[in-house]
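Presented below is the structure to which this report refers.
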Amino acid sequence: DSDALVPGQRVLAIGSALADFRNTITQGVVSGLHRTWRGSGGLVFEDLIQTDAAINPGNSGGPLLNLRGEVIGINTAIFTRTGGYQGIGFAIPINMAKAVMKSLMETGKVTRGWLGVAIQDITPDLAKSFNLATAQGALIGDVTPNSPAERAGMQRGDVVVEFEGREIRDVNHLRNTVAQTPVGKVAKVKALRDGKPVELSVTIGEQPADFLAKGGVPQQETTKNFGMTLDTLTPELAKRFGHEGDMGVAVMDVEPSSPAERAGVQPGDLIKEVNRERVHNLQEFQAIASKGPADKGLLLLAKRGNFTHYVLVQP
């Protein structure tokens, strides 16, 4: 049970080190949990076990064991600048592997649970904006129409803090937890909405096959706010930036090294809310932005591509 692991716990790794030394056993500890590692070719692996038990080329596929002899991981990668062991190895948690194995045996393919939300980590600044006691959980920036999340009543701005009784640490934790949840299971979700807890029941769907693939002339009047040049979204701008059928304020330009650029705002973003209030045009944006204290910044809901996300732009 890899979910029961704690940092500092002693572990053993078995494998064929360097392909020449079969049945090699090494000892170490769990150095960290829930690690994200970026491999060659842009591949990203998440929720890995980090260990200092010596893992070398040839160890991949070998077991990582606790001191009771139970397999708690599959040795899979090392971080190295020389090609050899440098004290940082990674293993796939066995609970993740068991979920894949069960799916293959029962359906002949790997099925992953799906909520249908765009989520983002909570920074300390966002935590203050949403009146949260801690920067923990996963903030919902968008909800896909006709998705399990929408049918369950999840809303943009909700912060998921528990899933099936387990505290959610961040985006990766929620993503991996949902992915390993059986399709069709009714899961209990606890979220914070405007700082108040809400209990939701969501029937987990199957991740769509194309899930990973999806992710004009300006008007005369423009305005600069926190380094952004803004305009009311027109049909021409909507076509130019891919926001057909939507309404809001388009980001025409972002000044280098400005508060907007530091917050991650990009030209082509569509601002749909300011300080949790809906905006349909530039005049509404200016009216709402002028109401709040300038030193507090602006909490924006911005659409980029198919999804929306929250951005806190501070002076």
Side-chain angles (χ1 to χ4, degrees), residues 34 36 46 115 117-143 149 152-163 165-178 189-200 223-230 248-251 254-267 269-280 282 284-305 307-315:
H34 315 297
T36 297
E46 297 179 341
L115 278 180
V117 292
I119 50 179
Q120 61 188 101
D121 283 324
I122 302 171
T123 64
D125 290 331
L126 282 176
K128 292 179 183 177
S129 297
F130 283 85
N131 296 316
L132 303 175
T134 62
Q136 183 170 316
L139 173 62
I140 296 178
D142 202 3
V143 179
M154 289 187 174
Q155 299 179 14
R156 185 184 295 140
D158 286 353
V159 178
V160 179
V161 293
E162 282 187 18
F163 188 91
R166 298 169 60 186
E167 287 190 358
I168 295 300
R169 297 181 303 275
D170 51 29
V171 163
N172 285 341
H173 190 199
L174 178 61
R175 182 185 297 121
N176 290 319
T177 301
V178 171
V189 177
K190 181 180 178 181
L192 298 177
R193 181 175 298 166
D194 297 324
K196 299 177 181 179
V198 293
E199 302 282 346
L200 302 167
T223 184
K224 288 180 178 291
N225 294 273
F226 295 91
M228 301 177 288
T229 300
L230 306 173
V249 177
V251 179
V254 178
E255 294 179 5
S257 302
S258 65
E261 185 186 61
R262 291 194 297 272
V265 178
Q266 297 180 12
D269 286 354
L270 178 65
I271 297 173
K272 299 171 69 69
E273 290 182 5
V274 180
N275 295 337
R276 306 300 299 278
E277 293 189 48
R278 184 73 170 94
V279 293
H280 300 87
L282 187 58
E284 291 182 1
F285 178 98
Q286 292 170 325
I288 296 171
S290 64
K291 291 192 301 185
D295 60 341
K296 292 291 182 64
L298 299 175
L299 179 64
L300 308 178
L301 179 70
K303 179 185 175 188
R304 182 179 302 161
F307 299 104
T308 56
H309 62 285
Y310 285 98
V311 180
L312 183 62
V313 182
Q314 294 181 302

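- Side-chain contact between Glu261 and Met228: absent, with no pair of heavy atoms (C-beta onward) separated by less than 4.5 Å.
- Here the side chains of Phe226 and Pro315 are in contact, with some heavy-atom distance below 4.5 Å.
- Rounding to the nearest 0.5 Å gives a distance of 11.5 Å between CG of Leu270 and CZ of Arg304.
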Exercise for the section: Evaluate the side chain to side chain contact (heavy atoms under 4.5 Å, CB included) criterion for residues Leu230 and Ile271: first the C-alpha distance (whole Å), next the side-chain angles of each, then the deciding distance (0.1 Å), finally the verdict. Expected result: CA-CA 9 Å; Leu230 306 173; Ile271 297 173; 4.0 Å; yes

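- Taking NZ of Lys190 as the start and CZ of Phe163 as the end, the distance is 15.5 Å to the nearest 0.5 Å.
- Within the 4.5 Å cutoff, side-chain heavy atoms of Val279 are placed close to those of Ile288.
- For the atom pair Leu139 CG and Asp170 CG, the distance stands at 13.0 Å (nearest 0.5 Å).
- A heavy-atom distance below 4.5 Å is found between the side chains of Arg156 and Leu301.
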Exercise for the section: Determine, stepwise, if the pair Val189 / Met154 fulfils side chain to side chain contact (heavy atoms under 4.5 Å, CB included). Expected result: CA-CA 10 Å; Val189 177; Met154 289 187 174; 3.7 Å; yes

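- For Lys291 and Glu277, the salt-bridge test passes: some basic side-chain N is under 4.0 Å from an acidic carboxylate O.
- Of all the heavy atoms in Gly227 and Ala260, the pair that sits closest is C-CB, 4.4 Å.
- Contact annotation: the side chain of Leu132 approaches that of Ile122 to within less than 4.5 Å [non-hydrogen atoms, C-beta and beyond].
- Listed for the Asp121 side chain is a donor-acceptor partner under 3.5 Å among the backbone atoms of Val171.
- Under a 3.5 Å cut-off, the side chain of Asp269 and the backbone N or O of Val265 do not form any donor-acceptor pair.
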Exercise for the section: Take Val117 and Phe307 through the test side chain to side chain contact (heavy atoms under 4.5 Å, CB included) and record every step on the way to the result. Expected result: CA-CA 9 Å; Val117 292; Phe307 299 104; over 6 Å; no

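- Residue pairs meeting the side-chain hydrogen bond (donor to acceptor under 3.5 Å, both in side chains) criterion with at least one partner in residues 124-135, sequence neighbours excluded, do not occur; the list is empty.
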Practice task
Check the pair Val161 / Ile168 against side chain to side chain contact (heavy atoms under 4.5 Å, CB included), numbers first and verdict last.
Solution key: CA-CA 5 Å; Val161 293; Ile168 295 300; 5.7 Å; no

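- Side-chain contact between Val159 and Ile140 is absent, with no heavy atoms from C-beta onward closer than 4.5 Å.
- The neighbour count for Glu167 CD, taken as heavy atoms of other residues, nucleotides or ligands under 6.0 Å away, does not exceed 12.
- By the side-chain contact (heavy atoms from CB on, under 4.5 Å) test, Arg276 pairs with Phe130, Asp194, Glu273, Leu299, Tyr310, sequence neighbours left out.
- The closest side-chain heavy-atom distance from Lys272 to Thr308 is below 4.5 Å.
- When every heavy atom of Glu255 is checked against every heavy atom of Ser258, the shortest pair comes out as O-OG, 2.6 Å.
- Across every non-hydrogen atom of Ala138 and Leu174, the tightest pair is CB-CD2, 3.7 Å.
- A distance of 11.5 Å separates CD1 of Ile119 from NE2 of His173, quoted to the nearest 0.5 Å.
- For the side-chain contact (heavy atoms from CB on, under 4.5 Å) test, residues two or more places apart in sequence or in another chain that qualify with Arg193 are Gln155, Asp158, Val198, Leu200.
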